[in-house]
Amino acid sequence: MTHRYWLMKSEPEEASIDDLAAAAHQTLPWTGVRNYQARNFMRDGMKIGDGVLFYHSSCAVPGIAGLATVASTPYPDPTQFDPKSKYFDPKSTPENPRWLLVDVKLDRKTSLIPLTTLRETPELAQMQVLTRGNRLSITPVAPEHWRYITGRMLK
DNA sequence: GCCAACGTTGGC
DNA sequence: GCCAACGTTGGC
């Protein structure tokens with residue numbers, strides 16, 4: 001079975017690579033996605049075992065912080081039903097949930113590859129996450145980009 | 001804190 | 001269905 005590859009952004013103040021390492025089974029549900037394109041990637045594109053570049057965003061040194069794998073099929077994000085959650089969505093119901101997530105399991109924490117380094121790497125110039133104005137929290141990663149990052153940039 | 005980029009909302 | 005206003009993302 002051929003797997004796909006993804007880059008998933010997380011704010012380390014919410015869920016860092018260390019939080020993932022400390023979680024039960026080193027697995028966390030990817031809560032909080034409220035963008036339809038990103039949701040559709042999880043719903044329609046992801047399969048258990050797909051490779052994930054775990055990316056730290058909105059922090060001092062944004063960049064790739066670890067490798068992970070998709071660890072579940074898609075299921076409803078429970079935070080959408082919780083009025084106390086900042087991800088609460090009053091228009092969503094358990095009968096017709098709007099937002100889905102997958103579980104993500106740590107493969108390994110890596111040395112950080114800063115965003116600046118990614119941008120300086122000509123081989124990665126076409127990576128979707130690096131293209132102008134990209135704001136998606138989940139983007140597909142081309143196999144050649146995955147191979148370059150995991151094979152040549154990570155120790 | 002700024003602001004570019006882009007998604008969403010809602011009036012019409 | 002258009003599109004202006006508004007909100008959000010996320011690097012800097």
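So you know, we letter chains A, B, ... as the sequences are listed, proteins then strands, and number each from 1.
Phosphate proximity of dG10(C) to K9(A): present, with a side-chain N or O under 4.0 Å from OP1 or OP2. Under 4.0 angstrom from either OP1 or OP2 of dT9(C) there lies no side-chain N or O belonging to Y55(A).
Among the nucleotides dC12(C), dT8(C), dT8(B), the one closest to the side chain of Y36(A) is dT8(B). Considering only side-chain atoms of S137(A), the nucleotide from dG10(C), dC12(C), dC6(B) that sits closest is dG10(C).
Between L118(A) atom CG and dG10(C) atom C1' the separation is 15 Å, expressed in whole Å. Taking atom CD on E14(A) and atom C1' on dG10(C), their separation rounds to 13 Å, with Å as the unit. One interatomic measurement links the two molecules: CZ of R132(A) to C1' of dC3(B), which rounds to 14 Å at whole-angstrom precision. E11(A) places its CD atom 13 Å from the P atom of dT8(C), with the value rounded to the nearest Å. Rounded to whole angstrom, the span from the CD atom of Q128(A) across to the P atom of dA5(B) amounts to 17 Å. Look at CD1 on I138(A): it is 16 Å from C1' on dG10(C), rounded to the nearest Å. Between L136(A) atom CG and dT8(B) atom C1' the separation is 14 Å, expressed in whole Å. Separating the CG atom of N35(A) from the C1' atom of dG7(B) is a distance of 7 Å, rounded to the nearest angstrom.
Under 3.5 Å, the side chain of R34(A) and the base of dT8(C) form no donor-acceptor pair of N or O atoms.
Partners of K84(A) by side-chain contact (heavy atoms from CB on, under 4.5 Å), not counting sequence neighbours, listed by chain and number: D82(A).
T121(A) contributes no side-chain N or O that, together with a main-chain N or O of L124(A), makes up a donor-acceptor pair within less than 3.5 Å.
Put simply, CE on M153(A) and OG1 on T110(A) are 10.5 Å apart, with the number rounded to the nearest 0.5 Å.
Following chains of ILVMFWY side-chain contacts shorter than 4.5 Å, one can reach I17(A) starting from V52(A), so the two form part of one hydrophobic cluster.
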